[in-house]
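Working notes for the structure below.
Since we're looking at a predicted model, the values are computed, not measured. Naming convention: chains lettered A, B, ... in sequence-line order (proteins, then strands); numbering from 1 in each chain.
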There are 2 protein chains.
Amino acid sequence: MSSVNIKRLNSADADFQQRLDELLAFEGAQDENIEKTVVGILADVKARGDAAVVEYTNRFDRLSVAGMAALELPKAELQAALDGLPAERRAALEAAAQRIRTYHERQLGAGFTYTEADGTMLGQMVTPLDRVGLYVPGGKAAYPSSVLMNALPAKVAGVKELIMVVPTPGGEHNALVLAAACLAGVDRVFTIGGAQAVAALAYGTETVPQVDKIVGPGNAYVACAKRRVFGIVGIDMVAGPSEILVLADGSTDPDWVAMDLFSQAEHDELAQSILICPDAAYIEKVQASIDKLLPTMPRRDVIRTSLENRGALILVRDLEEAVAMANRVAPEHLELSLAEPDAWVEKIHHAGAIFIGPYTSESLGDYCAGPNHVLPTSGSARFSSPLGVYDFQKRTSLIRVSKDGAQTLGRIAATLADGEGLPAHAQSARYRLDA
Amino acid sequence: MSSVNIKRLNSADADFQQRLDELLAFEGAQDENIEKTVVGILADVKARGDAAVVEYTNRFDRLSVAGMAALELPKAELQAALDGLPAERRAALEAAAQRIRTYHERQLGAGFTYTEADGTMLGQMVTPLDRVGLYVPGGKAAYPSSVLMNALPAKVAGVKELIMVVPTPGGEHNALVLAAACLAGVDRVFTIGGAQAVAALAYGTETVPQVDKIVGPGNAYVACAKRRVFGIVGIDMVAGPSEILVLADGSTDPDWVAMDLFSQAEHDELAQSILICPDAAYIEKVQASIDKLLPTMPRRDVIRTSLENRGALILVRDLEEAVAMANRVAPEHLELSLAEPDAWVEKIHHAGAIFIGPYTSESLGDYCAGPNHVLPTSGSARFSSPLGVYDFQKRTSLIRVSKDGAQTLGRIAATLADGEGLPAHAQSARYRLDA
């Protein structure tokens, strides 16, 4: 097998900035046909409810059910899936769930109130969402870890009803996914998918209750449908291809770094794996490890395509420059594979998650360290956060102005309302003066 | 002047649910022409930068500047606007700014870390966004209070650079808006607007730096442009028409309630004002106040149209039912105009802001109570929150697995990765076992 032809960049080169920009450039194409199909399905489900969902599901998932009732999984089936797991796998899933729960409990937001000298009370109330829909893809991308990572924060937040949708093309159920749903406390499961599932959750049907927010990954149709129903319901971010940036000083076994790059690249051909390192000789060692290890990987074709099309090994002057570059990239996953990583952490301003030190492979975080694996992609860590409990809570402002407070605030408000040309606002404030 | 023909609903009527649904139904039309225009402007500014922004600005705002330099306001001009305000207005603006700052400082999120028995550290780091763009509309909807409400949370969060854009059609500057920008600590101001301003902020030009997030209200072109650039930068929510729901027990002066309904209705003809009350006689009193007071209002035409097309007076059985209805509506603004309001607050699960007791007119919250006046509209309080400091901060997960921790976590992760068919993930975890 030939050497993996992964891009080499050098920050000392004159065209470096341009090459880095090209490497990072990624715009998901917006397909007009997908858009049109999705708009049609959304409107149809909104108008015809269950009947439309059943028709699309029979057509797209090659089923022949008579009605929606046949598309809901009884709770006993989830429990049976969990009970049927091999002991080791069940223990691993339970351990992961427990660790994810413990971490997310730290994110629980609390409200506040304070009372001013004149008796006016101000505050903020934090409440969970009532009902959330969780989209889980069918087929090859059906990951039980993803069920845990999406469902558990919602449950920790106190969401009352969590409704999962998962397509079962050809009627095939994924036992590990159902077991994860059981463990995570999912309340109802419908075996529907695609834009029709998103529509059912967003508008509600006779059988599927309307939710307040839809989370979870999906294909281009699902992503398009989520964007379209945003506003009627909340949605999580629409994720781009997954990425890892490994920042290495040369102290980690190069096989480890190569495998960490592989573990991102094996997701799909658009995934991006980048190594940044100030040690040219070490970069050669990682290249040698890549070439040596790739033939041993079952998913070597996907890994090779991903590394050759989207990956890079970048030589930099020093770690300071490496950190500046990491902040420029704002990666989804950042590994600090450094002998002394701690001092560098606070210099990182933009990353979804930071994996600190050589023992912290991204894969540990993907499954069971505790923090969420749903992270901002494509540089959006500049302005967004990992999925968390806060995504399933919302805040309400509280204002209780006392009679005394209304005298002070009323004058300020009336003056400003006059300035903005809103006389009813001003009058409404003035009514409370000396009343 | 004729009596205001505002809709009457009664929760005891057979068709009540249907009428309530119709009252609340609002879908902003998506105009294909606006979409097409915006897509063109975005692409043009992305490709040609300053030159395109200058051309669009000269054309749409009837200016004739030679270059971008002429479209940046020097800081001295902001200071001059503040210094030039009448003393009372300046004092009101400063008092409002101080109260808004104080409230929002309570929202500052902190990170956390914790270390497990085997030395593994988990945590979450909270950091401010680097650079934020603030859109401020020109013309009649240019509100200095809106500048304060958008800019101050960003500054409290620690955003390093806050860039305001505000169109100046015909070259007219709004002194109160510039004064508010000065007070709020806005760093740079460009007199540009529309989709071209959104594009400049999202992509950056030779002169306008690229931002990480764009906030602030705008017209249909601005809203469309913000939706389009979402993903490249963060955006705040795209607001629908403003609404108020007043829940009254009959103990408040009906003139006050009428004026509170007016203060929402005077915003624009699509604004929605609803009264819910269990006391039929009191509803008649409010109607009488509406009829009596409307002729005195300078913006009476807008108020009448809004009340007649979108408003309602709803008779309910009791306050329990009123609260259930408020939760169903999930209003942007909820006034609890009750003699004993406190016990009812925690029964409210969905509202942008709750104005508690008869002295708390919405107008006090709009300007100076302290909480933000940018609130979720159209029922989106079910899943979203007031604009806050948290919108200008993001979180990064921290994971530092110890050598001991890698033994435990590596086995769990490898087992789960095997189950998901991701062998590089499994191998990456196994490398850390007994290493």
Heavy-atom proximity to chain A below 4.5 Å, by part of [X]:
X: Thr127(B); answer: side chain
X: Val159(B); answer: neither
X: Asp253(B); answer: neither
X: Phe392(B); answer: neither
X: Pro358(B); answer: backbone
X: Leu336(B); answer: neither
X: Ala417(B); answer: both
X: Val345(B); answer: both
X: Met121(B); answer: side chain
X: Leu409(B); answer: both

Non-hydrogen atoms of chain B under 4.5 Å away: do they reach the side chain of [X], the backbone, both or neither?
X: Leu176(A); value: side chain
X: Leu293(A); value: side chain
X: Asn174(A); value: neither
X: Val211(A); value: backbone

**OP:** Measure the acute angle between the ring planes of Tyr431(B) and Trp256(A), then classify it against the limits of 30° and 60° as parallel, tilted or perpendicular.
**Re:**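 The arrangement is parallel - the two ring planes meet at less than 30°.
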Identify which of [options] forms the greatest number of heavy-atom pairs closer than 4.5 Å to chain B.
options: Gly123(A), Gly410(A), Pro86(A); result: Gly123(A)
options: Ser384(A), Gly370(A), Ala95(A), Gly109(A); result: Ser384(A)
options: Leu422(A), Thr415(A), Thr408(A); result: Leu422(A)
options: Phe355(A), Phe262(A), Tyr103(A); result: Tyr103(A)
options: Gln107(A), Met237(A), Lys213(A); result: Gln107(A)

Subject >> His373(B) ring center within less than 6.0 Å of His333(B) ring center >> reply: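 For His333(B) and His373(B), the ring centres are not under 6.0 Å apart.
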**OP:** With side chain to side chain donor-acceptor pair (under 3.5 Å) as the test, would you mind laying out the steps for Ser380(A) and Ser378(A) before giving the verdict?
**Re:** CA-CA 6 Å; Ser380(A) 62; Ser378(A) 307; over 6 Å; no
Counting heavy-atom pairs under 4.5 Å to chain A, which of [options] comes out on top?
options: Ala429(B), Pro423(B), Gly365(B), Ala353(B); result: Pro423(B)
options: Val233(B), Leu398(B), Leu129(B), Ile354(B); result: Ile354(B)
options: Ser402(B), Ala426(B), Ala406(B), Cys368(B); result: Cys368(B)
options: Gln264(B), His267(B), Arg411(B); result: His267(B)
options: Gln427(B), His350(B), Met297(B); result: His350(B)
options: Glu266(B), Met259(B), Glu362(B); result: Glu266(B)

What pair of heavy atoms forms the shortest contact from [X] to [Y], and how long is it?
X: Ser361(B); Y: Ser428(A); result: CB-OG, 3.3 Å
X: Thr396(A); Y: Ala351(B); result: OG1-O, 2.8 Å
X: Leu122(A); Y: Ala369(B); result: CD1-O, 3.3 Å

Subject >> Residues which pass salt bridge (Lys or Arg N to Asp or Glu O under 4.0 Å) with Asp212(B), listed by chain and number, not counting sequence neighbours >> reply: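 Partners of Asp212(B) under the salt bridge (Lys or Arg N to Asp or Glu O under 4.0 Å) test: Arg382(A).
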**OP:** In sequence, state the C-alpha distance, the side-chain angles, and the governing distance for Arg395(B) and Tyr390(A), and then conclude on side-chain contact (heavy atoms from CB on, under 4.5 Å).
**Re:** CA-CA 11 Å; Arg395(B) 303 167 177 93; Tyr390(A) 34 82; 3.3 Å; yes
**OP:** Report yes or no: is the cationic atom of Arg99(A) (NZ for Lys, CZ for Arg) under 6.0 Å from the centre of the six-membered ring of Tyr367(A), at an angle within 45° of the ring normal?
**Re:**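 No.
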Original post:
Where the side chain of Ser263(A) meets the backbone of His425(B), is there a donor-acceptor pair that is under 3.5 Å apart?
Top reply: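 No, because the side chain of Ser263(A) does not come within donor-acceptor range (under 3.5 Å) of the backbone of His425(B).
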Original post:
Any donor and acceptor pair, going by atom type alone, linking the side chain of Arg131(A) with main-chain N or O of Gln210(A) inside 3.5 Å?
Top reply: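 Yes, the answer is positive, given that a donor and an acceptor are paired below the 3.5 Å cut-off.
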Subject >> Pairs involving residues 85-98 of chain B, ordered by first then second residue, that meet salt bridge (charged side-chain N to carboxylate O under 4.0 Å, His left out) (sequence neighbours left out) >> reply: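 As it turns out, the salt bridge (charged side-chain N to carboxylate O under 4.0 Å, His left out) pairs with a partner in residues 85-98 of chain B, which skip direct neighbours, are Asp83(B)-Arg90(B), Arg90(B)-Glu94(B).
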Original post:
How far apart are the C-alpha atoms of Thr360(B) and Glu335(B), what are their side-chain angles, what is the distance that settles it, and do they pass the side-chain contact (heavy atoms from CB on, under 4.5 Å) test?
Top reply: CA-CA 8 Å; Thr360(B) 315; Glu335(B) 278 189 16; over 6 Å; no
Original post:
Is there a donor-acceptor contact under 3.5 Å linking the side chains of Asp130(A) and His349(B)?
Top reply: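 Side chains of Asp130(A) and His349(B): no pair found under 3.5 Å.
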**OP:** Could you check if a side-chain atom of Ile399(A) sits within less than 4.5 angstrom of a side-chain atom of Ile356(B), using non-hydrogen atoms only?
**Re:**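 Side chain of Ile399(A) against side chain of Ile356(B), heavy atoms only: no contact under 4.5 Å found.
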